[in-house]
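Here the structure comes first, spelled out in structure tokens, and everything after it is commentary.
Any value given below was found using the heavy atoms of this structure, including those in side chains, with hydrogens, waters and symmetry copies removed. So that the names make sense, note that chain A is the first sequence line, chain B the second, and so on, each numbered from 1.
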Amino acid sequence: MTDFEKKVLRVVLKIPLGEVRTYKWVAQKCGRPRAWRAVANALAKNPFTLLVPCHRVVKSSKKYGGYALGAALKKDLINLEKKIRDVIE
DNA sequence: CAATAATAGTCCC
DNA sequence: GGGACTATTATTG
């Protein structure tokens, strides 16, 4: 666990329910606008895939990118969270 | 030092 | 809008 990874986790954890952000966005929040590679690494190498909403972190506004548990599951989770948000609101 | 990875931006059709 | 190509960064052996 490195300090950079901690920053990444903290940033990802504060993403609102049903909201999706890009890896670039997370990288900027960590102070490294061009560290999205390391951001993906931090999420992929750690078991935090189930502890942090890393499924809300997508590639760009067009595609969802990948997911350790399956891109299909990630997409499904995002869609599901949108429904949840709609329900609780 | 080299390899790796869950990307982003740009060019072209 | 979508496919192909390149640039970029932190971590690990």
Side-chain angles (χ1 to χ4, degrees):
Chain A
M1 173 65 73
T2 64
D3 187 65
F4 180 77
E5 292 180 19
K6 292 180 183 179
K7 290 182 182 178
V8 173
L9 298 177
R10 200 164 102 172
V11 172
V12 175
L13 280 170
K14 72 174 188 174
I15 299 177
L17 180 67
E19 292 291 312
V20 292
R21 297 292 182 260
T22 62
Y23 286 92
K24 187 178 183 180
W25 181 86
V26 178
Q28 288 179 353
K29 288 295 179 182
C30 292
R32 264 68 192 182
R34 288 178 253 314
W36 24 262
R37 280 288 191 195
V39 172
N41 255 335
L43 297 178
K45 66 175 273 192
N46 288 295
F48 300 115
T49 34
L50 298 176
L51 303 182
V52 300
C54 53
H55 52 268
R56 296 177 193 159
V57 185
V58 298
K59 178 178 180 181
S60 66
S61 303
K62 301 172 185 175
K63 297 182 179 179
Y64 285 98
Y67 190 49
L69 304 181
L73 180 61
K74 178 178 181 178
K75 178 185 174 186
D76 203 54
L77 284 171
I78 296 172
N79 188 29
L80 197 64
E81 287 192 343
K82 288 181 181 178
K83 290 185 177 180
I84 295 175
R85 184 181 61 175
D86 186 63
V87 170
I88 64 178
E89 283 179 351

Length of the line joining [X]:[atom1] and [N]:[atom2], which is rounded to integer Å:
X: A/Lys6; N: C/dA10; atom1: NZ; atom2: P; result: 17 Å
X: A/Lys74; N: B/dT7; atom1: NZ; atom2: P; result: 8 Å
X: A/Gln28; N: B/dT7; atom1: CD; atom2: P; result: 17 Å
X: A/Asn41; N: C/dT8; atom1: CG; atom2: P; result: 17 Å
X: A/His55; N: B/dT7; atom1: NE2; atom2: P; result: 17 Å
X: A/Lys7; N: C/dT11; atom1: NZ; atom2: P; result: 10 Å
X: A/Leu9; N: C/dT11; atom1: CG; atom2: C1'; result: 14 Å

Given 3.5 Å as the limit, does a donor-acceptor pair link the side chain of [X] with the main chain of [Y], or not?
X: A/Lys7; Y: A/Lys29; value: no
X: A/Lys74; Y: A/Tyr64; value: yes
X: A/Arg56; Y: A/Ile15; value: yes

For this session: Compare all side-chain heavy atoms of A/Val12 with those of A/Phe48 and state whether any distance is below 4.5 angstrom.
Result: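 Side-chain contact under 4.5 Å: no.
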
Exercise. Should A/Arg85 and A/Glu19 count as side-chain neighbours, where that means a heavy-atom distance under 4.5 Å?
Worked result: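 A side-chain contact under 4.5 Å exists here.
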
Does a side-chain N or O from [X] land closer than 4.0 Å to OP1 or OP2 of [N], or not?
X: A/Lys45; N: C/dT12; value: yes
X: A/Lys63; N: C/dG3; value: yes
X: A/Arg32; N: C/dT9; value: no
X: A/Thr2; N: C/dT11; value: yes

Tell me which nucleotide among [options] gets nearest to the side chain of [X].
X: A/Arg37; options: B/dA6, C/dA7, C/dA10; answer: C/dA7
X: A/Lys24; options: B/dG9, B/dA6, C/dA10; answer: B/dG9
X: A/Arg34; options: B/dA6, C/dT8, B/dG9; answer: C/dT8
X: A/Tyr23; options: B/dT7, C/dT11, B/dG9; answer: B/dT7
X: A/Trp36; options: C/dT11, B/dA6, B/dT7; answer: B/dT7

What nucleic acid atoms does [X] come within less than 4.0 Å of, heavy atoms only: base, sugar-phosphate, or nothing?
X: A/Ala38; value: base
X: A/Thr49; value: base
X: A/Ala35; value: sugar-phosphate
X: A/Val58; value: sugar-phosphate

For this session: Could you please spell out the steps behind the side chain to side chain contact (heavy atoms under 4.5 Å, CB included) verdict for A/Cys30 and A/Phe4?
Result: CA-CA 8 Å; A/Cys30 292; A/Phe4 180 77; 4.0 Å; yes

For this session: Using Watson-Crick or G-U wobble geometry with both distances below 3.5 Å, tell me the partner of C/dT8, or none.
Result: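 The base-pairing partner of C/dT8, which may sit in any strand shown, does not exist here.
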
